[in-house]
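Naming convention: chains lettered A, B, ... in sequence-line order (proteins, then strands); numbering from 1 in each chain. For the numbers below, each heavy atom of this structure counts, side chains included, while hydrogens, waters and symmetry mates do not.
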Amino acid sequence: MDIITKLKQLIREAISKAGIEVNLDEIIIEHSKDLAHGDYATNAAMKLCRYFHKAPKEVAEIIKNNLTLDGIDKVEIAGPGFINFFMKNDSLQPIVKKIIDEKDQFGRGEDKNFKINVEFVSANPTGDLHVGHARGAAIGDSLCRILSFAGYDVTREYYINDAGNQINNLAKSLEARYRELLGLPFSLPEDGYHGEDVKNIAKIIIDDIGDKALSFSYEKRLQFFKEEGIRLELEKIKKDLKAFGVYFDVFSSEIKIRSNQAVENELDYLANYIYDDGDAKVLKTTAFLDDKDRVIVKSNGDYTYFLPDIVYHVNKMSRGYDQLIDVLGADHHGYINRMKSALMMHGYTKDALEVELIQMVRFIKDGQELKASKRSGDAITLREICEEVGVDAMRYFFAMRAASAHLDFDMNLALEQSSNNPVYYAQYAHARLSSILEQGKDIPLDISASNCSKNSEIALLKHLANFPNVVLDSAKERAPYKITNYIHELAELVHGFYTECRVIDRDNINVSASRLALCLASKQVMKNALNLIGVKAPEHM
RNA sequence: GCGCCUCUAGCUCAACUGGAUAGAGUGUCAGACUACGAAUCUGGAGGUUACGAGUUCGAUUCUUGUGAGGCGCGCCA
């Protein structure tokens, strides 16, 4: 039984001895922020004062007097009525052995038997990923890693919009660039894609098949450029994502979603919620959460983006997930209630789909907002920015803040390879531990860590033991930034420990053996934590 | 005009979901290496949590009003 559960039980016994029966759901046991407040604290007395009809401090006194001190060194009442628990120190050391035994599995939550589908990035295959996608990719991926580590069954999914208008524009743009490169007259469509990127793809196609496509009929040629364009763009996107440490289990294609009459069947299914507006068909989403009904079939008979997307989400639900999560840019927030309403028409609850909104990022360099790429004049690509500031810094900076917070990305800070940079601060702690362990490798470890009792060692032990809770909390709150907070504190404690305690001391091998074990455990946890946000844990820097 | 998000130290953000003296980084000031990595550590200064009202033992957190900023409000995707 972990310490928190045990404390709760002791408190429950104390209350019941005092003659009061209540449930304990409201009572929180927390790690004390301040050492003077002991190791753990509870607000039980404040929560229970109305049952006792007494002031919080008196209630705390009653609980204290009825408490069995099992594993507890002492109990104090403080402030408005907090009860602080000071644990016996020897209750902390065993965590070192546990970490060393479990290695990269330390912190993993038990299997929740709960299936979550996380859809993120889902950028249209019509050009390079740009910085706008970067934060969503980083947070989506980190979230998946955290959920999965916490014990959820996670599927990472990317939805490819390969059936809409923008793909036809891609095909036309490609065709034009193809002609241009072959020295033929060409005209770029007005709403087409004018970037370098499309030109490069045209080049690849010429290298591949030369001018053979000219012999196709115009219709067939467009179809050809459409398919090749999607394939090549997607290949590039996957490559960029891989370099960014992001991968997907499932790529769902809109074309496939639309096949087998699925859209038509959906129209039939929703018939009760559909009405005509002229030649268009409108879905009555206001029947549920939306503030406005939405067109799903245009006057010309084409479907709007919304309709196949409903089919797609219903498709995902039908695959047996307990929870869908969409990671979307904040500019899509108007879309949330629309989709939830559609799912409710299928009998799902409004919580079946959860949307994580990613707020905008501004890249700041030398005090100025960076808007366009110097090279092409277009939006800055993910690739460019990774080359400039490095993947680790990108991943850490994006994971560092709550998704809902607007974020200014300070490129000068991310570029700085110094103590100022939080990524290096954490990685340095890891490298430092590696270095110490390397130098002390001839000393046999004492994995009971029995000689670790200095303040900095105790603080570190407590923090290490808390890792599994942080993972769970971070997963539950969909908050990768809680992991980076943890990492930062861990680095701080490691550096503090290093300063206070000399690890390798040939004249005091017993203490060294314990401290080396603590180093190894700390290094392991640092690595596990960094891995959750896709940041490397280097042995040397 | 309506809706969503945001407002905390000079700057970028936390605060364990309603708890103790509101904390980190950065910047600034002052210190610490002839021993394991100074990419580190120790200390100081810096706050009416945008502003007002309410809810209660207790509010940065919840409700509400005002102000400021961002984003949406298509038969675009």
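The residue A/E492 sits close only to the backbone: its heavy atoms come under 4.0 Å of sugar-phosphate atoms, none of a base. In this structure, A/H495 reaches the sugar-phosphate backbone alone: every heavy-atom distance under 4.0 Å involves primed, P, OP1 or OP2 atoms, never a base. Looking at heavy-atom distances under 4.0 Å, A/D473 makes no contact with the nucleic acid at all. When heavy atoms are screened at a 4.0 angstrom cut-off, A/C519 is found touching no nucleic acid atom at all. At a threshold of 4.0 angstrom between heavy atoms, the contacts of A/A402 are confined to the sugar-phosphate backbone, with no base atom among them.
A/I139 places none of its side-chain heavy atoms less than 4.5 Å from the side chain of A/E356. Using a 4.5 Å cut-off on side-chain heavy atoms (C-beta onward), A/P480 and A/F398 make no contact.
Side-chain contact check for A/E233 and A/T126: no donor-acceptor pair (N or O, by modelled atom type) lies under 3.5 Å.
Each of A/V295 and A/C501 was assigned the nucleotide of RNA chain B with the nearest heavy atom; the assignment lying further toward the 5' end belongs to A/C501. Each of A/A491 and A/Q359 was matched to the nucleotide of RNA chain B holding its nearest heavy atom; the match closer to the 5' end belongs to A/Q359.
In this structure, A/F120 has its ring center at least 6.0 angstrom away from the ring center of A/Y158.
Applying the 4.0 Å criterion to OP1 and OP2 of B/A15, one finds that A/Y481 has a side-chain N or O inside that range.
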